[in-house]
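Structure record follows, encoded as structure tokens.
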Amino acid sequence: MRLVSTAELKNRTNEVLRTALAGEPVVVTRHGRPVASLVRLADRDLDALAQARRGRHADVSGAAFGYRYAAFPLPFGAFYVAFGPRGPAFARIATSARAFEREATRYLAAPVTPGRPPRWLAEATVAAVRRHEAFRGPVDLARVGPFEREVLEALRRIPAGQVRTYREIACGLGEPGAARAVGSACARNPLPLLIPCHRVVRSDGGLGGYSLRGGAGLKRRLLQAEGAISALFA
DNA sequence: TGTATGACGATAT
DNA sequence: CATATCGCCATAC
């Protein structure tokens with residue numbers, strides 16, 4: 001994965017494009033924050049695009065491509081990640097590949113089949129879930145609404161070892177009354193762990209809920225492992 | 001278009 | 001302090 005500023009994108013367009021064409025995702029940053037990505041399209045993706053362009057508002061962003069998925073063993077279960085040309089799109093802890101496949105297929109409304117992730121994705125995923133490193137790569141949020149997308153992008157900026165309250169996130173988006181909607185967005189986060197919704201807690205001091213398999217107990221363990229809360233709190 | 005649904009928050013009891 | 005109630009807001013259906 002390669003990060004480029006908007007200035008770099010303007011001044012070295014061809015060179016940056018070569019990076020993307022080589023298969024390495026390029027993430028564009030503005031004011032130092034990732035805001036967009038450049039991803040190479042495979043031939044079959046181009047076919048899908050041409051098809052989508054012919055059809056009436058077809059879903060160019062995901063459904064036309066189909067997705068693949070891979071499993072990452074974790075201390076608390078198998079973590080499965082479905083990914084497409086635009087990056088990871090759906091992730092869950094599941095008891096079996098079959099169970100994950102069903103969930104992912106239903107959410108993405110597209111075929112989800114086993115496959116090997118690109119090296120950068122495998123490495124970034126392992127770094128995120130096992131070493132608490134921020135997942136900086138591009139993510140596919142094609143099926144997330146506009147407000148919830150803003151919420152998820154805000155969550156990505158919470159450093160490991162820190163927490164924010166649902167209300168703080170809402171205020172940060174200029175919607176001080178939308179704490180509950182922020183909670184809903186977290187509950188429906190398609191990329192738990194990669195997008196650290198476990199770092200959002202209640203403003204009354206409680207930890208709040210966690211809908212990923214493992215529930216609030218897992219949320220507490222994750223925050224402890226990251227050093228965000230002490231063992232005493234638990 | 002209206003209605004129901006939450007990983008919330010503030011307040012009352 | 002725990003529980004109940006009501007307001008809040010973006011989605012799903």
Side-chain angles (χ1 to χ4, degrees), chain A residues 56-63 67 74-82 86 88-95 99-100 102-110 112 128-129 132 134-135 139-234:
Chain A
R56 288 174 300 180
H57 50 289
D59 186 357
V60 178
S61 56
Y67 292 85
L74 290 180
F76 39 84
F79 183 59
Y80 294 85
V81 179
R86 304 173 68 96
F90 184 81
R92 285 291 186 274
I93 293 171
T95 52
F100 172 78
R102 272 204 321 271
E103 254 190 302
T105 300
R106 186 163 64 94
Y107 177 81
L108 295 170
V112 179
V129 299
H132 314 145
F135 184 89
V139 291
D140 181 348
L141 300 180
R143 304 195 64 81
V144 178
F147 175 83
E148 297 192 340
R149 187 174 307 202
E150 286 190 75
V151 171
L152 298 183
E153 294 298 345
L155 302 193
R156 297 185 75 184
R157 299 181 208 121
I158 308 175
Q162 295 188 22
V163 295
R164 300 284 183 277
T165 67
Y166 295 99
R167 193 158 63 88
E168 282 171 339
I169 298 296
C171 289
L173 295 177
E175 298 288 340
R180 189 165 194 173
V182 169
S184 295
C186 292
R188 297 152 39 134
N189 175 11
L191 294 170
L193 302 186
L194 300 186
I195 296 178
C197 57
H198 59 280
R199 294 178 191 149
V200 191
V201 299
R202 296 179 58 103
S203 47
D204 65 7
L207 283 188
Y210 197 55
S211 54
L212 185 60
R213 177 175 286 274
L218 175 58
K219 183 176 188 175
R220 179 172 48 72
R221 289 200 298 280
L222 289 169
L223 291 176
Q224 271 182 239
E226 294 178 356
I229 60 177
S230 72
L232 294 179
F233 191 114

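Side chains included, hydrogens not; waters and symmetry mates left out as well; all remaining heavy atoms used. In what follows, every chain begins at residue 1, and chains take the letters A, B, ... in the order their sequences are listed.
A:R202 places its CZ atom 15 Å from the P atom of B:dG6, with the value rounded to the nearest Å. Between A:E150 atom CD and C:dC9 atom C1' there is a gap of 14 Å when expressed in whole angstrom units. If you measure from atom CG of A:D204 to atom C1' of B:dA12, you get 15 Å, rounded to the nearest angstrom. Atom CD of A:E175 and atom P of B:dC8 are 18 Å apart (whole Å). When rounded to the nearest whole Å, the span between CZ of A:R188 and C1' of B:dT5 equals 10 Å. Across the protein-nucleic acid pair, A:I169 atom CD1 and B:dA7 atom P stand 17 Å apart, rounded to whole Å. Between the CG atom of A:N189 and the P atom of C:dT11 there is a distance of 14 Å, rounded to whole Å.
Looking at heavy atoms from C-beta onward, A:I93 lies in side-chain contact with A:L218 at the 4.5 angstrom threshold. Using a 4.5 Å heavy-atom threshold, the side chains of A:F76 and A:V129 count as separate.
Taking side-chain N and O atoms only, A:R149 has no distance below 4.0 Å to OP1 or OP2 of C:dA10. Listed pair A:R167 / B:dA10 meets the phosphate criterion, a side-chain N or O lying under 4.0 Å from OP1 or OP2. A sub-4.0 Å separation between OP1 or OP2 of C:dT11 and a side-chain N or O of A:S184 is absent.
Between A:F147 and A:R180, the residue whose closest nucleotide on DNA chain C is further toward the 5' end is A:R180.
A:H198 NE2 to A:L155 CG: the interatomic distance, rounded to the nearest 0.5 Å, is 10.0 Å. Expressed to the nearest 0.5 Å, how far CZ of A:R213 lies from OG1 of A:T95 amounts to 5.0 Å.
Between A:F100 and A:Y80, the ring planes lie parallel to each other; the angle is under 30°, not in the 30° to 60° tilted range.
Backbone-only contact: A:A179 has heavy atoms under 4.0 Å from sugar-phosphate atoms and none from a base. A:Y166 comes within 4.0 angstrom of a nucleotide base, judged by non-hydrogen atoms across all strands.
For A:A181, the listed nucleotide lying nearest its side chain is C:dC9; candidates were B:dG9, C:dT11, C:dC9. Listed nucleotides: C:dT11, B:dA10, C:dC9. Nearest to the side chain of A:A178: C:dC9.
With a cut-off of 3.5 Å on both pairing distances, the Watson-Crick or G-U wobble partner of B:dG6 is C:dC9.
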